[in-house]
Visitor: 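Before I ask anything, here is the structure I am working with.
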Number of protein chains: 2
Amino acid sequence: MSSTIKVLLAEDQSMVREALAALLGLEEDIEVVAQVARGDEVVAAAHAHGIDVALLDIEMPGCTGIEAAARLHKELPAVKLVVLTTFGRPGYLRSAMEAGADAFLVKDAPAAQLAEAVRKVLAGERVIDPTLAAAALAEGANPLTDREREVLRAAADGSTNAELAKALHLSQGTVRNYLSTAIQKLAARNRTEAVRIAREKGWL
Amino acid sequence: MSSTIKVLLAEDQSMVREALAALLGLEEDIEVVAQVARGDEVVAAAHAHGIDVALLDIEMPGCTGIEAAARLHKELPAVKLVVLTTFGRPGYLRSAMEAGADAFLVKDAPAAQLAEAVRKVLAGERVIDPTLAAAALAEGANPLTDREREVLRAAADGSTNAELAKALHLSQGTVRNYLSTAIQKLAARNRTEAVRIAREKGWL
DNA sequence: ACTGCGGGATGACAGATGTCATACGCACGG
DNA sequence: CCGTGCGTATGACATCTGTCATCCCGCAGT
């Protein structure tokens, strides 16, 4: 058993990443041994450094922190996973848990919770904001089918039906059908609102 | 002349705010004497602590860091202003400069630039990413009129024309006219895309 | 005094979007 | 073997959106 906890920090914004590293550096028992700025560099860095805990931001280029968590969990199941995010979206929590995360923290929680979470997951505990957990349970699972989600995501940038149809190799009518059902499932009044709602819930 | 530089830190996400404080705390000559989580608390805190430099995030509840900068610049012109943001949108840089900012930093710049910027602004220098400055000049000013911007912003959440008309006390036709001209000025194909483009440029 | 521009409005029109009924094939659970 | 849900598609219909021409008012510049 080593004397310090070895942590990998994955976060794309250098200033935030290094600031978090400085924060964790203040703790006697924690050492940030690796930093990456992209989701797709997580697994390699984890292998290279023999870490105990991975601290993963969700919003990252390459792949999301959630995808990175899933891969890491598969390859190095012993590594504890702390998922960190700007947005406390219930859907994110759900997917993080499904990806094998041990802790889920939002960035507007007090900084002290970060080091605390690292220690707790290493002790085998799970760390989840109870309010968020309640919200995740209350709102239920993502009601959208894979295809609906795909179409809605593609529609988010303002593409027209014709463009969506071409991009997704579907007929225009089918695109409209999917958007229509998505709009109804999300209780929205049009695609724009549907996108907003899906985003807020972390379903996109 | 005091021996340490007194800094106010305004940033809504506690974890990031405290991490940045930890980072600045590592510098011998810098002291974070006040932290606030809302834009509208900046001026009061600045008055209360007699600060040298204010470090302002843009995305904050209460009011944006840019508005806070403008107010602070008016009330305490001696205080140097460093604007910090997640998004390197040229329009943001422009408005920050107009609000009297002395430095403009994006969060994905190296952490070392933060302390450096604090020292430089205090020495009377301006600190601006040259790439971003070029982009801001290249794209020109916000082409939207006040009303167009207002309508576009209101339309961003998926409201229908009828709802926009009611909310803004306009006729439906007028709403459509404004959206139409906004769409054309932004070279978009519909309101959704117009919103996206305006957001990307920092014009919303 | 004239001109231009922004805010506000109307009416007409074309095209995009949302809804609905209906259909076919496929996979999966009972 | 039968129902159900999903993916895909079509056609018809109603409504929403985007465009355009045209108008009025007030204000700032020249």
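So you know, we letter chains A, B, ... as the sequences are listed, proteins then strands, and number each from 1. Atom set for the values below is all heavy atoms of this structure, side chains included, hydrogens, waters and symmetry mates excluded.
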Visitor: Going by salt bridge (Lys or Arg N to Asp or Glu O under 4.0 Å), name the residues that satisfy it together with A/R147, two or more places apart in sequence or in a different chain.
Guide: A/E150
Visitor: Could you list the residues that satisfy side-chain contact (heavy atoms from CB on, under 4.5 Å) with B/A136, not counting sequence neighbours?
Guide: B/P90, B/L93
Visitor: Tell me whether A/E125 contacts the main-chain N or O of A/V121 through its side chain, where contact means a donor paired with an acceptor under 3.5 Å.
Guide: no
Visitor: Rounded to whole Å, how long is the line connecting atom CD of B/Q172 with atom P of D/dG18?
Guide: 12 Å
Visitor: Please report the shortest heavy-atom distance between A/G88 and A/V106, naming the atom on each side.
Guide: CA-CG1, 3.5 Å
Visitor: Which ones in residues 139-158 of chain B lie close to DNA chain C, meaning a heavy atom under 4.0 Å from one of its atoms?
Guide: B/T145, B/D146, B/R147
Visitor: List the steps, then state whether side-chain hydrogen bond (donor to acceptor under 3.5 Å, both in side chains) holds for A/E59 with A/T64.
Guide: CA-CA 6 Å; A/E59 295 83 19; A/T64 69; over 6 Å; no
Visitor: Minimum heavy-atom separation for B/L186 to B/A198, with atom names?
Guide: CD1-CB, 4.0 Å
Visitor: For DNA chain C, which nucleotides open and close the run of contacts to chain A, 5' to 3', at under 4.0 angstrom from a non-hydrogen atom?
Guide: C/dT17 to C/dC20
Visitor: Can you list, in residue-number order, the parts of residues 159-169 of chain B that come under 4.0 Å of DNA chain C, counting heavy atoms only?
Guide: none
Visitor: Report the residues that fulfil side-chain contact (heavy atoms from CB on, under 4.5 Å) with A/E31, sequence neighbours left out, ordered by chain and then residue number.
Guide: A/T4, A/V33
Visitor: Taking B/A69's backbone N and O only, do any of them form a donor-acceptor pair with B/H73's side chain (distance below 3.5 Å, no angle check)?
Guide: no
Visitor: Need the bend value for the helix from C/dA1-D/dT30 to C/dG30-D/dC1: angle between end axes, 5 pairs each end, nearest 10°.
Guide: 40°
Visitor: List the residues meeting salt bridge (Lys or Arg N to Asp or Glu O under 4.0 Å) with A/D57, not counting sequence neighbours, and say none if there are none.
Guide: A/K107
Visitor: Who are the side-chain contact (heavy atoms from CB on, under 4.5 Å) partners of B/R119, not counting sequence neighbours?
Guide: B/I5, B/E27, B/D29, B/I30, B/A115
Visitor: Using atom types as modelled, flag every donor-acceptor pair under 3.5 Å from a side chain in residues 12-23 of chain A to any protein atom, sequence neighbours excluded.
Guide:
from, atom 1, to, atom 2, distance (Å)
A/S14, OG, B/D108, O, 2.8
A/R17, NE, A/E11, O, 2.8
A/R17, NH1, A/Q35, OE1, 3.0

Visitor: From A/W203 CH2 over to A/I197 CD1, what is the distance, rounded to the nearest 0.5 angstrom?
Guide: 9.0 Å
Visitor: Please state how far atom CZ in A/R191 lies from atom C1' in D/dT17, giving the value in whole angstrom units.
Guide: 11 Å
Visitor: Checking A/E139 now: which residues fulfil salt bridge (Lys or Arg N to Asp or Glu O under 4.0 Å) with it, not counting sequence neighbours?
Guide: A/K201
Visitor: Enter the distance from A/R196:CZ to B/S159:OG here, rounded to the nearest 0.5 Å.
Guide: 7.5 Å
Visitor: Which protein N or O atoms sit under 3.5 Å from an N or O of nucleotides 19-21 of chain D?
Guide:
from, atom 1, to, atom 2, distance (Å)
D/dT19, OP2, B/S180, OG, 2.9
D/dC20, OP2, B/Q184, NE2, 3.4
D/dC20, N4, B/N177, ND2, 3.0

Visitor: Looking at A/T192 and B/A156, what are the two nearest heavy atoms and their distance?
Guide: CG2-O, 3.8 Å
